[in-house]
Amino acid sequence: MFLQGKTAIVTGSTSGIGLAMAHKLAGAGAGVVLNGFGDAAVIEAARGELAAASGAQALYDAADMSKPDEIAAMVARTVAATGSVDIIVNNAGIQHVAPITDFPVDRYDAIVAIVMSSAWHLIRAALPHMRARSWGRIVTTGSAHSLVASPNKSAYVMAKHGLAGLTKAIALEAATDGVTVNMVSPGYVWTPLVEGQIPDTMKARGLTREQVMNDVLLAAQPTKRFVTPDEVAALALFLCRDEAQSITGANLSVDGGWTAA
Ligand code: NAD
């Protein structure tokens, strides 16, 4: 239980990769703040499981990651309830698939706000609390799309590349504070986010569901299998260990070889 006494905020943790990260952190003893949207009873059940696993407080905060004031308020509420914010995982994300000329401006604005700007606002609010205890871990869920592009995902590719720059910049700003800042960059992970983009990709490219799965998604992934949320979460957990204190400013791929090609 190497994270006993630490508090972690995991954005977008009601589902998919974020929920897996919340479970890993709680399993190591951290108090976890769940965040994201979803069914209240399902979220409450997850919160209960996390509290039981960690033996610490588990909280749910409904802050909307597209709203900077709600992000700052979540940090303030967390510190009031637990006394600290030691770990943040910038993970909330959405996707929209369309050529740029057909891309709805409101979807572009939402992707940039939720995927990219939310991380800047959360780091800005949380870093002083980490510095106060001379220890902190900032982990951002990037993507293979932080390193390479795909067509019809202009907003997402832009936002994820932006997160890669933010990771490096804050790693330098916090380098002597006991705070590391890293990104874990998955390839395709089987989660609701991926399932949800299959119909749009079918439409944008005129393909069947099977063709999208095999010829678009797994075509990029040399291992020919989806990454699991657990595999991504395991790396995030490792980055929280003291042995990982020299890993900072890194963008670590968990992509089945996608970006090696
Ligand atoms: P998911 O849809 O299962 O989870 C997304 C989470 O974000 C949910 O908890 C949702 O409620 C939350 N969320 C959405 N909008 C929000 C908002 N405005 N405020 C707060 N929370 C909000 O998706 P996932 O696949 O687990 O994605 C998690 C992260 O992983 C994202 O950043 C995504 O870009 C990244 N990622 C996913 C894949 C993949 O293949 N699934 C690959 C690379 C990167």
Side-chain angles (χ1 to χ4, degrees), residues 9-24 32-40 42-43 46-47 60-75 88-97 106-107 109-119 121-122 139-150 153 155-164 166-167 183-198 201 212-213 216-221 223 225-233 235-236 251-256 258-259:
I9 295 176
V10 186
T11 73
S13 50
T14 52
S15 166
I17 296 168
L19 184 57
M21 287 176 165
H23 278 290
K24 285 271 190 251
V32 173
V33 179
L34 279 176
N35 162 260
F37 305 134
D39 181 84
V42 174
I43 293 171
R47 199 196 59 72
Y60 167 65
D61 197 299
D64 181 339
M65 287 300 112
S66 69
K67 307 217 164 87
D69 54 338
E70 292 194 21
I71 295 170
M74 174 171 68
V75 170
I88 56 174
V89 182
N90 296 301
N91 172 80
I94 57 168
Q95 177 62 287
H96 188 84
V97 180
D106 72 325
R107 290 298 81 205
D109 287 341
I111 288 175
V112 170
I114 294 165
V115 174
M116 188 176 76
S117 299
S118 67
H121 292 291
L122 182 55
V139 181
T140 295
T141 307
S143 165
H145 285 122
S146 72
L147 295 161
V148 296
S150 298
K153 295 184 178 176
Y156 186 85
V157 169
M158 187 180 116
K160 292 294 187 183
H161 275 67
L163 286 174
L166 176 67
T167 298
M183 189 144 95
V184 293
S185 281
Y188 280 108
V189 186
W190 191 251
T191 69
L193 183 139
V194 165
E195 215 170 343
Q197 63 189 278
I198 288 179
T201 310
V212 171
M213 298 261 287
V216 179
L217 302 181
L218 291 179
Q221 221 148 274
T223 51
R225 56 177 287 278
F226 286 95
V227 177
T228 69
D230 229 42
E231 290 165 358
V232 183
L235 178 57
N251 184 359
L252 304 167
S253 294
V254 192
D255 66 3
W258 175 350
T259 53

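Both ligands and their constituent atoms are indexed starting at 1 by order of listing.
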Would you kindly specify which portion of [X] sits under 4.0 Å from ligand 1, judged on non-hydrogen atoms: side chain, backbone, both or neither?
| X | answer |
| --- | --- |
| Gln95 | neither |
| Ser118 | neither |
| Trp190 | neither |

Which ligand 1 atoms, with their elements, are less than 4.0 angstrom from a heavy-atom of [X]?
| X | result |
| --- | --- |
| Asp64 | 17 (C), 18 (N), 19 (N) |
| Ser143 | 43 (C), 44 (C) |
| Ser13 | 9 (O) |
| Val194 | 39 (C), 40 (O), 41 (N) |
| Gly16 | 3 (O), 26 (O) |
| Asn35 | 20 (C), 21 (N) |
| Thr141 | 29 (C), 30 (O), 35 (C) |
| Asn91 | 28 (C), 29 (C), 30 (O), 31 (C), 32 (O) |

I need the nearest protein heavy-atom contact for [atom]: residue, atom name and distance, please.
| atom | result |
| --- | --- |
| atom 16 (C) of ligand 1 | Phe37 CE1, 3.4 Å |
| atom 1 (P) of ligand 1 | Ser15 OG, 3.5 Å |
| atom 40 (O) of ligand 1 | Val189 N, 2.6 Å |
| atom 10 (C) of ligand 1 | Thr14 OG1, 4.1 Å |
| atom 26 (O) of ligand 1 | Ile17 N, 2.8 Å |
| atom 23 (O) of ligand 1 | Leu193 CB, 3.1 Å |
| atom 19 (N) of ligand 1 | Met65 N, 2.8 Å |
| atom 33 (C) of ligand 1 | Tyr156 OH, 3.5 Å |

Purely on distance, is any nitrogen or oxygen of [X] under 3.5 Å from one on ligand 1?
| X | result |
| --- | --- |
| Pro186 | no |
| Gly12 | yes |
| Ile114 | no |
| Gly18 | no |

Original post:
Without hydrogens or angle criteria, can the side chains of Asp64 and Ser66 be said to hold a donor-acceptor pair below 3.5 Å?
Top reply: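 Present: a donor and an acceptor within the cut-off.
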
For the student: nearest non-hydrogen atoms of [X] and [Y], plus distance:
| X | Y | answer |
| --- | --- | --- |
| His145 | Ala149 | CD2-C, 3.9 Å |
| Arg225 | Glu231 | NH2-OE2, 3.0 Å |
| Val227 | Gly187 | CG2-N, 4.3 Å |
| Val157 | Val148 | CG1-O, 4.3 Å |
| Thr141 | Lys160 | O-NZ, 2.9 Å |
| Asn35 | Gly12 | OD1-N, 3.1 Å |

Original post:
Quick one: which of Leu19, Ile94, Thr191, Val115 has a heavy atom closest to atom 14 (C) of ligand 1?
Top reply: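 Checking each option, the heavy atom nearest atom 14 (C) of ligand 1 is found in Ile94.
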
Original post:
Which of the listed options, Gly93, Gly142, Ala92, Ala20, holds the heavy atom that is closest to atom 44 (C) of ligand 1?
Top reply: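 The option holding the nearest heavy atom is Gly142.
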
Test item, [X] contacting ligand 1 (heavy atom, 4.0 angstrom):
| X | answer |
| --- | --- |
| Ala113 | no |
| Gly38 | no |
| Lys160 | yes |
| Ala63 | yes |

Original post:
Do the ring planes of Tyr188 and Trp258 sit parallel (below 30°), tilted (30 to 60°) or perpendicular (above 60°)?
Top reply: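 The rings of Tyr188 and Trp258 lie parallel, inter-plane angle below 30°.
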
When you compare the side chain of [Y] with that of [X], does any pair of heavy atoms fall below 4.5 Å?
| X | Y | result |
| --- | --- | --- |
| Ser118 | Thr11 | no |
| Asn90 | Met183 | no |
| Met21 | Val184 | yes |

Donor-acceptor pair, distance only, cut-off 3.5 Å: does the side chain of [X] make one with the backbone of [Y]?
| X | Y | result |
| --- | --- | --- |
| Ser13 | Leu19 | no |
| Ser117 | Ala113 | no |
| Thr14 | Ile43 | no |

Original post:
Of all residues at least two apart in sequence or in a different chain, which pass the side chain to side chain donor-acceptor pair (under 3.5 Å) check with Tyr60?
Top reply: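 Once residues adjacent in sequence are excluded, Tyr60 has no partner under the side chain to side chain donor-acceptor pair (under 3.5 Å) criterion.
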
Original post:
With sequence neighbours left out, what residues match Glu70 under salt bridge (Lys or Arg N to Asp or Glu O under 4.0 Å)?
Top reply: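 So Glu70 forms no salt bridge (Lys or Arg N to Asp or Glu O under 4.0 Å) with any residue.
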
Original post:
Out of Leu218, Ile198, Thr201, which residue meets the side-chain contact (heavy atoms from CB on, under 4.5 Å) rule with Met213?
Top reply: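 So, applying the side-chain contact (heavy atoms from CB on, under 4.5 Å) to Met213 and each of Leu218, Ile198, Thr201, only Ile198 qualifies.
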
